[in-house]
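Reviewing the structure listed below.
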Amino acid sequence: MRPIVRRLGMLLVVAFIAIQLVPYGRRHTNPPVTQEPAWDQARTRTLTAWACFDCHSNETVWPWYSHVAPMSWLVQRDVDEGRRALNYSEWDRGQREARESAKSVSKGEMPPWFYALPGTSARLTSAERTELIAGLEATFGAERARDRHRTEKDD
């Protein structure tokens, strides 16, 4: 029985080393910030940066485990999808999901539970969560009003 366990262990070590050669998940880029939203206040930006920027901005802080497969694959996928859905660093391109951000936080959909575990940067107290939701609503309510004003002005 022991030789089988030993061989299985060796096989797992070899497989772990082999998956480190897969190139996906190692291209950790942070493109330049082109424009940010007009935040309602600095505190909203601070809370958003703390809870959301790692996946929804070009200011991602790549943790140590984002360099080790298979976690690197998961983190890279989450950042790619997050930036594609909503990117606070590229406000000069359309960000349709911004209006849903406060609702996503209030429903507990964002940040995802595995990024909000104790000791992680996305961990918010209930007071901070409430403050973030109010700030996102104020910020993107202002964005909608400005968009409406621009449309009326163009007519």
Side-chain angles (χ1 to χ4, degrees), residues 12 15-16 19-155:
L12 288 173
F16 180 77
I19 66 173
Q20 302 312 308
L21 301 173
V22 175
Y24 180 74
R26 290 208 173 44
R27 208 183 79 227
H28 298 145
T29 61
N30 279 335
V33 174
T34 55
Q35 186 180 343
E36 282 196 25
W39 300 102
D40 72 311
Q41 58 180 313
R43 180 71 174 155
T44 301
R45 189 201 185 277
T46 300
L47 288 170
T48 305
W50 190 21
C52 311
F53 271 29
D54 278 345
C55 290
H56 294 284
S57 81
N58 295 345
E59 300 176 55
T60 302
V61 175
W62 299 96
W64 67 268
Y65 55 83
S66 69
H67 300 278
V68 181
M71 287 304 295
S72 61
W73 306 340
L74 300 172
V75 172
Q76 185 69 57
R77 184 204 61 194
D78 288 348
V79 170
D80 290 346
E81 288 178 4
R83 286 177 178 172
R84 196 170 21 257
L86 173 62
N87 191 330
Y88 293 110
S89 297
E90 296 179 358
W91 214 249
D92 50 339
R93 69 177 181 88
Q95 299 294 333
R96 284 179 266 157
E97 295 296 318
R99 294 179 182 172
E100 301 297 319
S101 58
K103 187 173 19 171
S104 295
V105 173
S106 68
K107 289 168 100 178
E109 296 169 350
M110 288 290 154
W113 68 269
F114 45 88
Y115 284 113
L117 293 171
T120 61
S121 64
R123 182 75 175 169
L124 296 171
T125 65
S126 67
E128 289 168 333
R129 179 178 294 280
T130 301
E131 193 177 356
L132 175 59
I133 293 165
L136 291 172
E137 288 173 345
T139 297
F140 302 123
E143 288 288 325
R144 283 195 297 270
R146 269 198 304 279
D147 290 346
R148 208 174 312 117
H149 178 70
R150 275 191 212 125
T151 304
E152 291 169 1
K153 199 170 149 182
D154 291 341
D155 288 341

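Computed from a predicted structure; not experimentally measured.
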| query | Which residues satisfy the salt bridge (charged side-chain N to carboxylate O under 4.0 Å, His left out) test with E109, sequence neighbours excluded? | reply |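 For E109 the salt bridge (charged side-chain N to carboxylate O under 4.0 Å, His left out) partners, ignoring immediate neighbours, are K107.
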| Which pairs pass salt bridge (Lys or Arg N to Asp or Glu O under 4.0 Å) with one or both residues in residues 37-48, sequence neighbours excluded? |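 Those involving residues 37-48 are E36-R45, R43-E131, R45-E59.
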| query | Do any pairs count as a salt bridge (Lys or Arg N to Asp or Glu O under 4.0 Å) and have a residue in residues 60-72, sequence neighbours left out, and if so which ones? | reply |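 Not a single pair qualifies under salt bridge (Lys or Arg N to Asp or Glu O under 4.0 Å).
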I need the minimum non-hydrogen distance between [X] and [Y], along with the two atoms involved.
X	Y	value
E137	A102	CG-CB, 3.5 Å
T44	L132	O-CD1, 4.3 Å
V105	I133	CG1-CG1, 3.6 Å
A38	T139	O-CG2, 3.6 Å

Interatomic distance, [X] atom [atom1] to [Y] atom [atom2] [nearest 0.5 angstrom]:
X	Y	atom1	atom2	value
N30	S89	CG	OG	8.5 Å
E97	R84	CD	CZ	12.5 Å
T48	W50	OG1	CH2	12.0 Å
Q95	S101	CD	OG	10.5 Å
N87	T34	CG	OG1	7.5 Å
Y24	Q76	OH	CD	5.0 Å

Test side-chain hydrogen bond (donor to acceptor under 3.5 Å, both in side chains) applied to [X] - qualifying residues, sequence neighbours left out:
X	answer
R93	E90
R77	none
T125	E128

Is there side-chain contact between [X] and [Y], with at least one heavy-atom pair below 4.5 Å?
X	Y	result
N58	P32	no
S57	R83	no
Y88	C52	yes
V68	F16	yes
M110	H56	yes
I19	W73	yes

| message | Assess the residue pair S66 and M71 against the criterion (side-chain contact (heavy atoms from CB on, under 4.5 Å)); give the C-alpha distance rounded to whole Å, side-chain angles, the decisive distance to 0.1 Å, and a yes or no. | response | CA-CA 6 Å; S66 69; M71 287 304 295; over 6 Å; no
| request: Please work out which of the three classes, parallel, tilted or perpendicular, describes the rings of F53 and W39, given edges at 30° and 60°. | output: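 Tilted, since the angle between the ring planes falls between 30° and 60°.
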| task | Flag the pair F140 / W91 as yes when their ring centroid distance falls below 6.0 Å, and as no otherwise. | result |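 Centroid separation for F140 and W91: below 6.0 Å.
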